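Here the structure is a predicted model, which means the values were calculated and not measured. Residue numbers count from 1 along this sequence.
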Amino acid sequence: MLLIPSLLFARREYRDGIQRENIARLKRQLEDINNDKGYYPVTLSALPYEYHVTKTEGEKALAWYVRGVLENSHESASGFDAEEGHNFYYRYMNDGKKTYYEICGGTPNCDITKKL
């Protein structure tokens, strides 16, 4: 009986890993747009994920984050993912009901003490 909760957690964690990788893929898409146009877009269809621009200059997004909901709860925390192909700042934001995984761009870090 003790094995079932562990298996359920592992399955949720597997799905969360897919979510994190999909969000990282969206971040790479934003980097491709920036490399092509020289700036990040103010709007982007990111469904089922969210794209939030927190600082703009005209039609250019200067600071932003992309996020998705995870199944397993995490404490709010931030860090830098130096894994090959990633190299980005991320954070977990727990609002008590949901845990969000967010990747930040256009800023030097992903501070959890305040929203960008």
Side-chain angles (χ1 to χ4, degrees):
M1 289 304 259
L2 295 175
L3 187 59
I4 292 174
S6 296
L7 288 173
L8 294 175
F9 178 86
R11 285 182 177 177
R12 288 190 309 267
E13 190 58 33
Y14 173 78
R15 290 189 298 268
D16 284 351
I18 292 170
Q19 291 288 78
R20 287 188 293 267
E21 193 53 43
N22 287 339
I23 295 166
R25 189 174 301 115
L26 180 57
K27 191 264 189 209
R28 287 189 294 276
Q29 178 184 353
L30 282 160
E31 293 300 336
D32 288 343
I33 293 169
N34 184 46
N35 290 338
D36 183 46
K37 294 185 176 188
Y39 58 89
Y40 297 106
V42 173
T43 60
L44 177 76
S45 176
L47 294 175
Y49 308 104
E50 299 174 22
Y51 176 59
H52 296 271
V53 174
T54 56
K55 186 175 180 184
T56 63
E57 181 180 279
E59 294 298 316
K60 301 174 183 178
L62 302 177
W64 52 267
Y65 63 94
V66 291
R67 78 176 184 175
V69 177
L70 300 180
E71 291 182 52
N72 281 332
S73 180
H74 288 267
E75 292 293 319
S76 293
S78 63
F80 182 77
D81 188 341
E83 184 178 317
E84 185 177 337
H86 284 190
N87 293 321
F88 53 70
Y89 288 95
Y90 68 90
R91 64 183 168 212
Y92 291 98
M93 298 297 291
N94 188 325
D95 71 1
K97 296 178 184 174
K98 295 180 181 178
T99 296
Y100 298 96
Y101 177 72
E102 303 174 344
I103 295 176
C104 306
T107 62
N109 64 34
C110 241
D111 187 3
I112 64 167
T113 59
K114 59 180 173 55
K115 281 289 188 186
L116 297 172

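Between Asn87 and Phe80 there is a side-chain heavy-atom pair separated by less than 4.5 Å.
Side chain of Thr99 to main chain of His74: a donor-acceptor pair is present (N/O by atom type, distance under 3.5 Å, no hydrogens or angles).
Other members of the cluster containing Tyr14 are Ile18, with ILVMFWY side chains joined at under 4.5 Å, either directly or via other members.
Applying the ring pair (Phe, Tyr, Trp, His ring centres under 6.0 Å) rule to pairs touching residues 25-44 yields Tyr40-Trp64, sequence neighbours excluded.
To the nearest 0.5 angstrom, Glu102 atom CD is 7.5 Å from His52 atom NE2. For the atom pair Arg20 CZ and Leu70 CG, the distance stands at 6.0 Å (nearest 0.5 Å). Taken from CZ in Phe88 to CD1 in Ile23, the straight-line distance is 9.0 Å, to the nearest 0.5 Å. Put simply, CD on Glu50 and OH on Tyr65 are 7.5 Å apart, with the number rounded to the nearest 0.5 Å. Once rounded to the nearest 0.5 Å, the distance linking OH of Tyr90 with NZ of Lys27 reads 14.5 Å.
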Cut-off 3.5 Å, no hydrogens considered: what does the side-chain donor-acceptor table look like for residues 56-63, sequence neighbours left out?
none

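In this structure, Asp16 and Glu71 approach most closely via the heavy-atom pair OD1-N, 2.7 Å. The minimum heavy-atom distance between Leu44 and Tyr51, with the atom names listed, is CB-CD2, 3.5 Å. Of all heavy-atom pairs between Pro41 and Ile33, the closest is CD-CG2, 3.7 Å.
Between Tyr101 and Tyr92, the ring center distance clears the sub-6.0 Å criterion.
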Given Tyr89 and Ile103, is the side-chain contact (heavy atoms from CB on, under 4.5 Å) satisfied, shown in steps? CA-CA 6 Å; Tyr89 288 95; Ile103 295 176; over 6 Å; no
